[in-house]
Amino acid sequence: MSSILDNRPELRREVEQVAEAAGYLWQKGWAERNGGNITVNVTDAVDDEIRSMLPIGQPVAIGVTLPNLKGCYFYCKGTNRRMRDLARWPMENGSIIRITDDCAHYEIIADAPVKPTSELPSHLSVHNYLIGKGSNYKASLHTHPIELVAMSHNPEFLKKDVLTNLLWSMIPETKAFCPRGLGIVPYMLPSSVELADATIAALADDYDVVMWEKHGVFAVGPDIMEAFDMVDTLTKSAIIYRDARAMGFDPTGMSQEQMKEISTVFKLPK
Ligand code: 2HA
Ligand code: ZN
């Protein structure tokens with residue numbers, strides 16, 4: 001079967017990176033059934049031939065109007081599709097969509113009529129926000145990391161930057177590679193516009209990764225691997241914390257001075 005990826009190495013690479021990351025999400029146990037979703041802004045890899053492709057089916061309302069997304073293209077995981085299937089067959093479990101000129105609808109252009117993720121309002125609103133602030137971030141990732149979700153069941157950890165500091169203090173890499181920490185969004189109905197708005201507010205508060213209480217995380221990055229790596233790094237810290245507690249003691253954690261030193265040496269924003 002022919003694919004939009006044929007003879008388009010740049011676009012193929014974008015989609016193959018998503019497939020690789022989807023495999024990791026499944027292997028880590030973060031992607032039960034159809035859990036999680038990924039969207040990547042692939043507009044830079046789109047050529048004139050793609051721009052003139054006819055859509056598959058009719059335009060669909062996004063539910064919000066997103067003025068910065070006019071003429072943008074996204075690879076999106078399909079709704080109800082499994083990450084473990086996407087890992088092997090990304091164009092059968094996801095699709096490439098175009099945002100129409102009214103900025104309020106999308107149309108699927110390839111390869112098959114796979115309806116995009118249920119969290120599309122959150123994802124596209126975030127991309128709209130990122131473009132609006134001139135960010136080079138192209139990828140957004142929502143996933144269900146076990147240990148981080150478990151920690152979100154403790155009200156003490158939901159106070160601003162309590163979890164950020166705890167996770168940073170478990171191992172130096174976490175602050176170095178997730179230097180904005182972990183924002184917190186209180187529990188809201190999955191897929192809702194309220195959740196999308198609260199996510200953007202948290203990202204605007206200068207986080208790259210935010211926790212959706214008792215649900216999962218939402219991460220943004222320049223590409224899908226960078227977004228995945230930040231969630232992976234934070235989860236590593238959560239596991240170290242859990243293991244110390246399971247061994248019967250409270251981990252000491254790095255001191256504030258030690259963490260400040262990391263910020264100075266790595267020239268970190270916080
Ligand atoms: O797409 O994880 O939050 C499945 C989900 C929704
Ligand atoms: Zn979810």
Side-chain angles (χ1 to χ4, degrees), residues 15 17-41 60-64 66 74-97 106 108 112-129 139-153 157-158 163 182-203 207-221 224 227-228 230-232 234-235 238:
V15 173
Q17 277 211 347
V18 172
E20 184 183 337
Y24 299 153
L25 300 178
W26 166 250
Q27 287 159 18
K28 287 191 163 287
W30 300 351
E32 74 292 343
R33 198 176 181 280
N34 63 320
N37 27 69
I38 296 175
T39 57
V40 178
N41 183 343
V60 180
I62 300 165
V64 277
L66 302 166
F74 296 89
Y75 172 84
C76 304
K77 172 181 174 278
T79 186
N80 255 315
R81 303 301 171 118
R82 294 169 168 81
M83 287 290 181
R84 63 180 189 258
D85 293 337
L86 194 156
R88 289 175 295 173
W89 305 295
M91 294 307 291
E92 289 167 41
N93 294 281
S95 52
I96 292 179
I97 64 166
Y106 70 84
I108 298 171
V114 177
K115 194 172 173 281
T117 160
S118 60
E119 300 285 3
L120 198 67
S122 287
H123 279 259
L124 291 184
S125 301
V126 165
H127 287 290
N128 185 67
Y129 159 76
S140 60
L141 162 68
H142 162 58
T143 188
H144 303 162
I146 303 165
E147 297 81 5
L148 288 175
V149 175
M151 291 180 104
S152 81
H153 285 259
F157 289 155
L158 300 177
L163 216 39
L182 181 61
I184 304 286
V185 171
Y187 182 84
M188 287 176 207
L189 186 70
S191 314
S192 61
V193 172
E194 291 71 29
L195 180 58
D197 290 344
T199 302
I200 289 166
L203 295 173
Y207 296 98
D208 288 334
V209 187
V210 302
M211 168 83 84
W212 288 351
E213 179 187 345
K214 303 183 184 104
H215 179 168
V217 295
F218 194 101
V220 292
I224 190 62
F228 168 80
M230 283 190 279
V231 180
D232 191 29
L234 289 166
T235 303

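Counting starts at 1 for both ligands and their atoms, in listed order.
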Using atom types as modelled and distance alone, determine if a side-chain donor or acceptor of K214 lies under 3.5 Å from a backbone N or O of Y187.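 Flag not set: sc K214 to bb Y187 has no pair under 3.5 Å.
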Do R33 and N80 have a side chain donor and acceptor closer than 3.5 Å? yes
Would you say the side chains of T199 and S122 form a donor-acceptor pair under 3.5 Å?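 No, no side-chain donor-acceptor contact under 3.5 Å.
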I'd like to check which ligand 1 atoms, numbered from 1 as shown, lie under 4.0 Å from a non-hydrogen atom of N34.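 Near N34, the atoms of ligand 1 are 1 (O), 4 (C).
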Please identify which atoms of ligand 1 are closer than 4.0 Å to at least one heavy atom of H144.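 Close to H144: 2 (O).
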Geometric N/O contact [X] with ligand 1, under 3.5 angstrom:
X    : result
W212 : no
H142 : yes
G36  : yes

To the nearest 10°, how many degrees is the angle H215 NE2 to the Zn ion (ligand 2) to H142 NE2? 100°
Name the residue from D232, L141, L86, V231 that meets the side-chain contact (heavy atoms from CB on, under 4.5 Å) definition with L25. L141
Per side-chain contact (heavy atoms from CB on, under 4.5 Å), F74 is matched among I96, L124, I38 by L124
Which option out of E119, M83, R33 puts a heavy atom nearest to atom 6 (C) of ligand 1? E119
Could you check whether F218 and H123 have their ring centres less than 6.0 Å apart?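 For H123 and F218, the ring centres are under 6.0 Å apart.
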Any non-hydrogen atom of N37 lying under 4.0 Å from ligand 1? yes
